[in-house]
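Read through the structure below, which is laid out as structure tokens, and then see the notes.
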Amino acid sequence: MATLLLTGAAGRIGTALRPRLREAGHELVLFDEREPADPVAAGERLVIGSVADLRTLDDALAGVDTVVHLAGIPTEDDWDELVAVNLTGTKNVLERAAAAGVLRVLQASSIHAVGRVTEPEQAPASIPGDLLPRPDTYYGVTKAAMEMLGSLFVDRFGMSIVSARIGAFGERPTSRRALLMWTSGDDLARLVGATLGLREPGHHVVWALSHNQGSPADLRAGEAIGFVPVDDAAIVLDDGERSALPDEDMRFLGGALADVPLGRRST
Ligand SMILES: NC(=O)c1ccc[n+]([C@@H]2O[C@H](COP(=O)([O-])OP(=O)(O)OC[C@H]3O[C@@H](n4cnc5c(N)ncnc54)[C@H](O)[C@@H]3O)[C@@H](O)[C@H]2O)c1
């Protein structure tokens, strides 16, 4: 069993992963600049701090063997803020992890690193997990650049890093796009499990998606590191629920975010 540092532990994904990772027997260090809504449980240690604060990151990394880096701004926003949190923050996490000898990291990239891939390219299983970035927003640019940091730290420090292109995360799919690009909590926990099994240095850019019927995502890059998602958005919802889903712009892989004004906070 592992001791995992979960940055951004108070967020939506961190909150969903915590019980799943505890159930798998792991100890957790929860790191966030705000208090998690769910109380700290047995087997968890809470460190309140920012990814801008190197000393607090060092405290959090004590005794850790793998990092799950989720802290960040999860949507389009002001350029300087995105760069400070998503990019410099990631550089800080990787730098302090390498210095502490913590060489395994899963970092939360995003579908928006390739969000401007257009619909004609979206035949089933046609888009590899490690497709060259084609970001749809400044947010997507920070996620693509985060992947490059992953590459750098693998080459410089012999780390094992998974850059996980997460899709529409949630307990249930809530849009038509999510029917194809949904990420379930259980499947993301499976990807953490696959990351824990990595023993050799390497950078792996993979789809962190469930096994959704008809999805354009080619899941083989993840399968190559032992990530086999089992959930399927089409099965989670019944016919009525599926047809009641709100329509969404499907011209681009990034959905509605692919057309928002650049640099303005988007909800
Ligand atoms: N939710 C999704 O569908 C989705 C999809 C693709 C990628 N992602 C990525 O996954 C990660 C987590 O997403 P989420 O939906 O849980 O977002 P969220 O906003 O719910 O959680 C992010 C957490 O990071 C923390 N945080 C922000 N800035 C920080 C800082 N400077 N120092 C420390 N903590 C800080 C916040 O307090 C928050 O608790 C993000 O990096 C996001 O870009 C999310």
Side-chain angles (χ1 to χ4, degrees), residues 1-110 139 142-143 145-146 149-150 153 159 161-164 166 169-171 183 185 188-189 191-193 195-196 208 265-267:
M1 294 303 109
T3 301
L4 298 159
L5 169 60
L6 226 59
T7 74
R12 281 199 314 139
I13 294 180
T15 301
L17 282 180
R18 281 173 58 195
R20 291 173 164 96
L21 297 176
R22 285 198 313 262
E23 211 164 289
H26 304 307
E27 308 251 301
L28 304 178
V29 180
L30 313 175
F31 183 90
D32 205 295
E33 61 182 7
R34 61 184 169 120
E35 289 272 344
D38 293 353
V40 177
E44 292 182 332
R45 171 167 78 90
L46 175 64
V47 178
I48 296 289
S50 168
V51 288
D53 180 354
L54 304 186
R55 212 176 291 169
T56 318
L57 277 173
D58 286 343
D59 289 347
L61 280 159
V64 162
D65 43 69
T66 301
V67 176
V68 177
H69 174 45
L70 304 168
I73 299 172
T75 188
E76 183 62 346
D77 209 328
D78 174 75
W79 169 260
D80 290 343
E81 284 186 38
L82 281 167
V83 169
V85 179
N86 290 5
L87 202 47
T88 307
T90 298
K91 185 272 294 175
N92 291 343
V93 169
L94 294 178
E95 203 174 83
R96 298 326 300 160
V102 181
L103 299 184
R104 257 192 318 261
V105 177
L106 183 155
Q107 53 179 12
S109 181
S110 167
Y139 167 66
T142 62
K143 291 297 175 179
M146 160 196 255
L149 281 170
F153 275 78
M159 297 173 81
I161 299 183
V162 175
S163 291
I166 302 169
F169 182 86
E171 291 307 321
T183 306
L188 199 54
L191 181 53
V192 175
T195 303
L196 289 170
R265 177 174 283 275
S266 162
T267 48

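Quick note: numbers below take in every heavy atom, side chains included, and nothing from hydrogens, waters or symmetry partners.
- Looking only at side-chain heavy atoms (C-beta outward), M146 and Q107 come within less than 4.5 Å of each other.
- Side-chain contact annotation: H69 with T90, donor-acceptor N/O pair under 3.5 Å present.
- Atom OG1 of T15 is separated from atom CZ of R20 by 11.0 Å, given to the nearest 0.5 angstrom.
- Of all the heavy atoms in A145 and L87, the pair that sits closest is CB-CD1, 3.5 Å.
- Minimum heavy-atom separation, Y139 to L82: N-CD1, 3.6 Å.
- Residues R12 and F169 share a closest heavy-atom pair of NH1-O, 3.5 Å.
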Side chain to side chain contact (heavy atoms under 4.5 Å, CB included) assessment of L17 paired with L70
CA-CA 11 Å; L17 282 180; L70 304 168; 4.2 Å; yes

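- Between F31 and L46 there is no side-chain heavy-atom pair separated by less than 4.5 Å.
- Here the side chains of I48 and E35 are in contact, with some heavy-atom distance below 4.5 Å.
- The OG1 atom of T183 sits 7.5 Å away from the CD1 atom of I13 when rounded to the nearest 0.5 Å.
- In this structure the side chain of V105 reaches within 4.5 angstrom of the side chain of L94, judged on heavy atoms.
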Walk me through it: do S266 and T75 pass the test side chain to side chain contact (heavy atoms under 4.5 Å, CB included)?
CA-CA 6 Å; S266 162; T75 188; 3.6 Å; yes

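- Residues H26 and T66 are not in side-chain contact: their nearest non-hydrogen atoms beyond the backbone lie 4.5 Å or more apart.
- Taking the side chain as every heavy atom from C-beta outward, S163 and K143 never approach each other to under 4.5 Å.
- Side-chain contact between V47 and T56: present, with at least one pair of heavy atoms (C-beta onward) separated by less than 4.5 Å.
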Test side chain to side chain contact (heavy atoms under 4.5 Å, CB included) on E27 and L4; report intermediate values, then the result.
CA-CA 6 Å; E27 308 251 301; L4 298 159; over 6 Å; no

Salt bridge (Lys or Arg N to Asp or Glu O under 4.0 Å) between R265 and E76, worked out:
CA-CA 5 Å; R265 177 174 283 275; E76 183 62 346; over 6 Å; no

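- The CG atom of L5 sits 8.5 Å away from the CZ atom of R45 when rounded to the nearest 0.5 Å.
- Put simply, CZ on R96 and CG on L61 are 8.5 Å apart, with the number rounded to the nearest 0.5 Å.
- Taking the side chain as every heavy atom from C-beta outward, L57 and N92 approach each other to under 4.5 Å.
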Run the side chain to side chain contact (heavy atoms under 4.5 Å, CB included) test on L6 and V29 for me, step by step, so that the C-alpha distance in whole Å, both residues' side-chain angles and the decisive distance to 0.1 Å come before the verdict.
CA-CA 6 Å; L6 226 59; V29 180; over 6 Å; no

